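Bear in mind that the values here come from a model prediction, so they are computed numbers and not experimental data.
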Amino acid sequence: MFLRGRSIRIFFAAFFSLCAALPAFAQGGDNSSAELVKFEKSIEAGKFSEIERNLLDYAIAHPKEAKAFELLGRIRFRQNRLNEAKSLFTRALTLEPGLTSARLKLAETTDLLGDRDAARSLLENISETALTSDEVRLKLAEIYFSLEDCPKALVVAEKLSPSIKDSRALAMRAGCLIKSGDRAGAGGLIVPAGKLGKSEMDSVLELAEVFIESGMPKEAAELLETAVVKDPVNERALILLARSKIYLKDPATAEKQIAQIEKLNPASDELLLIKGLLDLEREKPSEALGLFEKYLALKPASTDALSQAVIAAIRSNQAGKAVDLAEDLLRLKPGEPEYLYLHGAASLQAGRLPEAERSLTEFLRTRPDDARGCLALGLTFAAQPDKLETARDQLRQCLEKNPDNYEARYQLGLSYKTQGETAKAIGYLEEVVAQKGDYAAALRDLGTVYLQSGAETKARAALEKAVALDPQDAETHFQLSRLYNLIGETELAKKHLKIFQELKNPKRTLM
């Protein structure tokens, strides 16, 4: 049974003290190297419990053996005990500053703990001569990619051998091409991926995952349909294919893939996740959330399931639960931008505005051009009466970066509408409607402001179009009732007032 909490800290403090006190003659020779190779192979195979105690004993007996500390750090890393892993990698580098594998793992761990600047600094000290194999070079490229430094990642990847570059590096290369805006170039990697055999299926599936996560489900499905032909019993391939079909709004085909998975492995945990995604796509967020929670009970460290659960909780108006789930995400990966955004959005919905402001500000620091984050931060400011001008400045920044951001323009119009600044509100709302003529809420609010300004003819046109687009919006019916009363069409006024009351109080109308 592993040590926990305070016991871990006490153990490692004693462990490092003991190592420092042991004499230098405790080092081994060739036998020690052979033993470390065995430990490393066991770690790569995931056999932690079998060798963890022996590796600890070995490190105590060989306190100047940097590789032993690195291997211990790898176990802690795989156990998601990141602070312990960081300490062990740091000690390995103290003992052997040129141990590139430890430096790479320390950079990766530091990034996951949220300190990207420190992670980048660690990589700057790696020389070309230290990249002694494709394995080391590929790892360096992957860490640059996780740090969102695609130019360096691609430079490193270009020097990989062709066999690695067109297999294990495909997903990373695609991700970088997509980030640079070259989606066609990323799609072109389907060709080399299609040439890979069954033994290299993991590389194909990693590329498919990049396509799915980057909003390219069509390319993912094309790749996966070929993969499933080559390996029809590959559960991961079937799950990813079902996922891509869900995102392509093809639930019928997704259900066929799910049926295949159930035949192949009826007890598959992944069925909970994929069925939850299907419910989310079908606008059943509460049911989806239930499935995601069942999956998380089995795999609590799944960031994929946690992020989907946050979305489902937000959509089902369970804001408090969404915040809790987003906090779990940030505990697993403190500096991950996408998780900061989810936490900020959930906190905004829950009315926890200081938390929303912190997370969204940090998100925009790493992704300054992201339209979602820009808008969400503007809404966060707008929800605080003393920050109305800050909100407007933020929303204007959103429009400067992306003039097509009609939602930011709409929110600016609302900020003036709520303050009674009719002319400015009309200006912004008219621009929104010109930009997106089927935006029912914008038409409703524009009609409302027209009505307040005495422009009944314009108000009627806007409100009647709004109600045609969204007949279930109670506020539109209320505004139409006001309008029709003002212009003397009392029967229409009564009709829309009645609809308004029914929509606002559905239970009462059934009695």
Exercise. Test Glu338 against Ser307 for side-chain hydrogen bond (donor to acceptor under 3.5 Å, both in side chains), laying out the working first.
Key: CA-CA 9 Å; Glu338 196 63 27; Ser307 58; over 6 Å; no
List the atom of [X], the atom of [Y], and the distance in Å for their closest heavy-atom pair.
{"X": "Arg116", "Y": "Asp111", "value": "NE-OD1, 3.0 Å"}
{"X": "Pro232", "Y": "Leu238", "value": "O-CD1, 3.8 Å"}
{"X": "Leu224", "Y": "Leu241", "value": "CD1-N, 3.5 Å"}
{"X": "Asn405", "Y": "Ala371", "value": "ND2-CB, 4.0 Å"}
{"X": "Phe89", "Y": "Gly73", "value": "CZ-C, 3.3 Å"}
{"X": "Ala440", "Y": "Ala466", "value": "O-CB, 3.6 Å"}

Neighbour count above 12 (heavy atom, 6.0 Å) for [X] [atom1]:
{"X": "Lys401", "atom1": "NZ", "value": "yes"}
{"X": "Lys86", "atom1": "NZ", "value": "no"}
{"X": "Phe478", "atom1": "CZ", "value": "no"}
{"X": "Lys256", "atom1": "NZ", "value": "no"}
{"X": "Lys230", "atom1": "NZ", "value": "yes"}

Which value, rounded to the nearest 0.5 Å, describes the distance between [X] atom [atom1] and [Y] atom [atom2]?
{"X": "Leu223", "Y": "Leu189", "atom1": "CG", "atom2": "CG", "answer": "10.0 Å"}
{"X": "Lys245", "Y": "Gln257", "atom1": "NZ", "atom2": "CD", "answer": "7.5 Å"}
{"X": "Leu443", "Y": "Leu429", "atom1": "CG", "atom2": "CG", "answer": "9.5 Å"}
{"X": "Arg396", "Y": "Gln394", "atom1": "CZ", "atom2": "CD", "answer": "11.5 Å"}
{"X": "Leu348", "Y": "Leu375", "atom1": "CG", "atom2": "CG", "answer": "9.0 Å"}
{"X": "Glu235", "Y": "Ser268", "atom1": "CD", "atom2": "OG", "answer": "3.5 Å"}

message = What verdict does the salt bridge (charged side-chain N to carboxylate O under 4.0 Å, His left out) test give for Glu355 and Arg352, after you've listed the backbone C-alpha separation in whole Å, the side-chain angles of each residue and the deciding distance to 0.1 Å?
response = CA-CA 6 Å; Glu355 295 171 50; Arg352 292 160 65 166; 3.1 Å; yes
Are [X] and [Y] side-chain neighbours, meaning at least one heavy-atom pair lies under 4.5 Å?
{"X": "Cys150", "Y": "Tyr144", "value": "no"}
{"X": "Leu298", "Y": "Leu272", "value": "yes"}
{"X": "Glu222", "Y": "Thr226", "value": "no"}
{"X": "Ile178", "Y": "Asp182", "value": "no"}
{"X": "Asp393", "Y": "Phe381", "value": "no"}
{"X": "Leu330", "Y": "Leu342", "value": "no"}
{"X": "Arg315", "Y": "Ile311", "value": "yes"}
{"X": "Pro251", "Y": "Ile246", "value": "no"}

Can you check whether [Y]'s main-chain N or O pairs, donor with acceptor, with [X]'s side chain at less than 3.5 Å?
{"X": "Lys465", "Y": "Gly437", "value": "yes"}
{"X": "His477", "Y": "Pro471", "value": "yes"}
{"X": "Ser316", "Y": "Ala313", "value": "yes"}
{"X": "Ser415", "Y": "Leu412", "value": "yes"}
{"X": "Ser302", "Y": "Ala305", "value": "yes"}
{"X": "Thr361", "Y": "Arg358", "value": "no"}
{"X": "Ser359", "Y": "Ala356", "value": "no"}

Item to complete: Starting from the C-alpha separation in whole Å, work towards a yes-or-no answer on side-chain hydrogen bond (donor to acceptor under 3.5 Å, both in side chains) for Thr110 and Asp115.
Response: CA-CA 6 Å; Thr110 302; Asp115 192 347; over 6 Å; no
Distance flag, aromatic centroids of Tyr428 and Tyr410, threshold under 6.0 Å: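 Between Tyr410 and Tyr428, the centre distance exceeds or equals 6.0 Å.
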Can you confirm if the NZ or CZ of Arg392 lies within 45° of the ring axis of Tyr416 and under 6.0 Å from the centre of its six-membered ring?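 Flagged: Arg392 positioned over aromatic ring of Tyr416.
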- [ ] Give a yes/no verdict on a cation-pi contact between Arg78 and Phe48, requiring under 6.0 Å between NZ or CZ and the six-membered ring centre and an angle within 45° of the axis.
- [x]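 Here Arg78 fails the 6.0 Å and 45° test against Phe48.
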Between [X] and [Y]: side-chain donor-acceptor atoms closer than 3.5 Å:
{"X": "Glu148", "Y": "Thr366", "answer": "no"}
{"X": "Gln79", "Y": "Glu84", "answer": "no"}
{"X": "Arg444", "Y": "Gln479", "answer": "no"}
{"X": "Glu407", "Y": "Tyr439", "answer": "yes"}
{"X": "Asn234", "Y": "Asp231", "answer": "yes"}
{"X": "Thr253", "Y": "Asp250", "answer": "yes"}

- Message: Applying the side chain to side chain contact (heavy atoms under 4.5 Å, CB included) criterion to Lys417, which one of Asp445, Ile426, Thr422 satisfies it?
- Response: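 Option passing the side chain to side chain contact (heavy atoms under 4.5 Å, CB included) with Lys417: Asp445.
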> Passes side chain to side chain contact (heavy atoms under 4.5 Å, CB included), Lys321 versus Leu325? Steps please.
Replying inline: CA-CA 6 Å; Lys321 183 170 284 188; Leu325 291 162; 4.0 Å; yes
- Item | Verdict with supporting geometry, Glu327 and Asp324, side chain to side chain contact (heavy atoms under 4.5 Å, CB included) | CA-CA 5 Å; Glu327 287 174 349; Asp324 292 341; 4.0 Å; yes
Worked check of salt bridge (charged side-chain N to carboxylate O under 4.0 Å, His left out) between Lys436 and Asp438
CA-CA 6 Å; Lys436 188 170 175 60; Asp438 61 350; 3.3 Å; yes
Show, in sequence, the C-alpha distance, side-chain angles and deciding distance for Arg168 and Glu142, and conclude whether the salt bridge (charged side-chain N to carboxylate O under 4.0 Å, His left out) test is met. CA-CA 10 Å; Arg168 292 170 60 195; Glu142 288 172 342; over 6 Å; no
Could you walk me through whether Asn83 and Ser87 pass the side chain to side chain contact (heavy atoms under 4.5 Å, CB included) check? CA-CA 6 Å; Asn83 284 311; Ser87 296; 5.8 Å; no
Identified salt bridge (Lys or Arg N to Asp or Glu O under 4.0 Å) counterpart of Glu270 within the set Lys294, Arg243, Lys299: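 Output: one option passes, namely Lys299.
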- What's the verdict on side-chain hydrogen bond (donor to acceptor under 3.5 Å, both in side chains) for Glu456 and Tyr484, showing C-alpha distance, side-chain angles and the deciding distance? CA-CA 9 Å; Glu456 288 89 356; Tyr484 291 135; over 6 Å; no
